[in-house]
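Hydrogens, waters and symmetry mates are skipped; everything else that's a heavy atom, side chains included, is used.
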Amino acid sequence: ISSLLVVFFALSFIRTVQESLWTDAVRNLIETTQQGAGALEGALERDREILLMLAQKIHVFDKGAENICGKIRQFSYSGYPIQLVTRRGICCGQSLPEEIKALLDNPEASSGIIGPYISPTTGRRVLSAYLAITFQGGQRGLLLKTTSIEELYNKYSPAFYNNAGFCYAVNESGDIILRSLHPASNKSFVNMYDVFRPYGENDLEGLAQKIKQGKTGAMLFRGEHRKEVLCYTPLHFQGWYFISI
């Protein structure tokens, strides 16, 4: 009986230590995930603030498109490339992607993020912060501050924990918008749920439900060769989520 009690208490102690280590590891991973999410949110919020500042500088919108384009060029030379788009095209003059046309036609769209979409200027996938403006006479336009997806990859979807961890930004459906430039980030997959579906269908249903509810948390997945921790936290725009593995 004494031997059994010793074994029981030893196993209980080991289990308590394991649970404590797991709790600490998850807490650290969630903090890392929230920091990554905050950095991305901060970058896009700065883009929005730049557009608001520009809108204040060109607050008289009845001086003609050329004068406004001149103001925007002056602002862009300071290191903040900005575009003004109307139904006539980009200031001054290129075709518009369908994503921007839809916003121009939506009077309720005042500010936010567009994308990812293909830039007609560079041919690359980009995200754009936008701010709607109205000219005298009622014509609607958008101020755009655009960043390439590659730049966002490098700055705001980092690898971490000695390159063992990596990140995704996904939309409500799990479609991957940003991913770390990391060998384990499964570049052949376009949806986060497809990455983990072979290892835990029931767990994925629970994760999808928590994402819909705007929760922050962590889950343990048993992959093909190892266990993996998935942490999730909401990005406070577009219904997107920041995920770390």
Peer 1: Identify the heavy atoms of Ser128 and Tyr117 that sit nearest to each other, and give their distance.
Peer 2: OG-OH, 2.7 Å
Peer 1: Quick one: do Tyr130 and Leu143 satisfy side chain to side chain contact (heavy atoms under 4.5 Å, CB included)? Show the steps, please.
Peer 2: CA-CA 5 Å; Tyr130 75 90; Leu143 290 170; over 6 Å; no
Peer 1: Nearest 0.5 Å please: distance from the OG atom of Ser244 over to the CD atom of Glu228.
Peer 2: 11.5 Å
Peer 1: Are the side chains of Leu144 and Leu51 in contact, using a 4.5 Å heavy-atom criterion?
Peer 2: no
Peer 1: Do Val229 and Ile245 have side chains that get closer than 4.5 Å, going by heavy atoms?
Peer 2: no
Peer 1: Looking at NZ of Lys145 and CG of Leu131, how far apart are the two atoms once the value is rounded to the nearest 0.5 Å?
Peer 2: 14.0 Å
Peer 1: Between side-chain atoms of residues 104-115 and protein atoms elsewhere (two or more places apart, or another chain), which donor-acceptor pairs fall under 3.5 Å?
Peer 2:
unit_1 : atom_1 : unit_2 : atom_2 : d
Asp105 : OD1    : Arg87  : NE     : 3.4
Asp105 : OD1    : Arg87  : NH2    : 3.3
Asp105 : OD2    : Arg87  : NH2    : 2.4
Asn106 : OD1    : Glu108 : N      : 3.1

Peer 1: Checking side chain to side chain contact (heavy atoms under 4.5 Å, CB included) for the pair Ile118/Arg124: CA distance, chi angles, key distance, verdict?
Peer 2: CA-CA 5 Å; Ile118 302 299; Arg124 295 182 175 180; over 6 Å; no
Peer 1: If you compare all heavy atoms of Asn191 against all heavy atoms of Ser173, which two are closest, and at what distance to 0.1 Å?
Peer 2: ND2-O, 3.0 Å
Peer 1: If every non-hydrogen atom of Tyr232 is compared with every non-hydrogen atom of Lys215, which pair is closest and at what distance?
Peer 2: CD1-O, 3.5 Å
Peer 1: Using a 4.5 Å cut-off on heavy atoms from C-beta on, say whether the side chain of Asp47 contacts that of Thr147.
Peer 2: yes
Peer 1: What is the minimum heavy-atom distance between Met192 and Ile176, and which atoms define it?
Peer 2: N-CG1, 3.8 Å
Peer 1: I'd like to know if Arg46 and Glu49 make a salt bridge, using a cut-off of under 4.0 Å between side-chain N and carboxylate O.
Peer 2: no
Peer 1: Taking all atoms of both residues into account, what is the closest heavy-atom pair of Glu41 and Leu235, and its distance?
Peer 2: OE2-CA, 3.2 Å
Peer 1: For Glu45, what residues pass the side-chain hydrogen bond (donor to acceptor under 3.5 Å, both in side chains) criterion, not counting sequence neighbours?
Peer 2: Arg48
Peer 1: What is the distance from atom CD1 of Ile30 to atom SG of Cys231, rounded to the nearest 0.5 Å?
Peer 2: 5.0 Å
Peer 1: Could you give the distance from CD (Gln35) to CG (Leu40), rounded to the nearest 0.5 Å?
Peer 2: 14.0 Å
Peer 1: Pair Leu178, Val170 - check side chain to side chain contact (heavy atoms under 4.5 Å, CB included), show working.
Peer 2: CA-CA 7 Å; Leu178 301 176; Val170 304; over 6 Å; no
Peer 1: Any non-hydrogen side-chain atom of Ile100 less than 4.5 Å from a side-chain atom of Leu142?
Peer 2: yes
Peer 1: To the nearest 0.5 Å, what is the distance between CG (Leu127) and CD (Glu151)?
Peer 2: 11.0 Å
Peer 1: What are the two closest heavy atoms between Tyr193 and Gly174, and how far apart are they?
Peer 2: CE1-CA, 3.8 Å
Peer 1: If the condition is side-chain contact (heavy atoms from CB on, under 4.5 Å), which residues does Pro234 pass it with, not counting sequence neighbours?
Peer 2: Thr216, His236, Tyr241
Peer 1: Go through the steps for Thr233 and Glu31 under the test side chain to side chain contact (heavy atoms under 4.5 Å, CB included), then give the verdict.
Peer 2: CA-CA 10 Å; Thr233 194; Glu31 287 178 359; over 6 Å; no
Peer 1: Hey, what do you get for CD1 (Ile82) to CE (Met53), rounding to the nearest 0.5 Å?
Peer 2: 9.0 Å
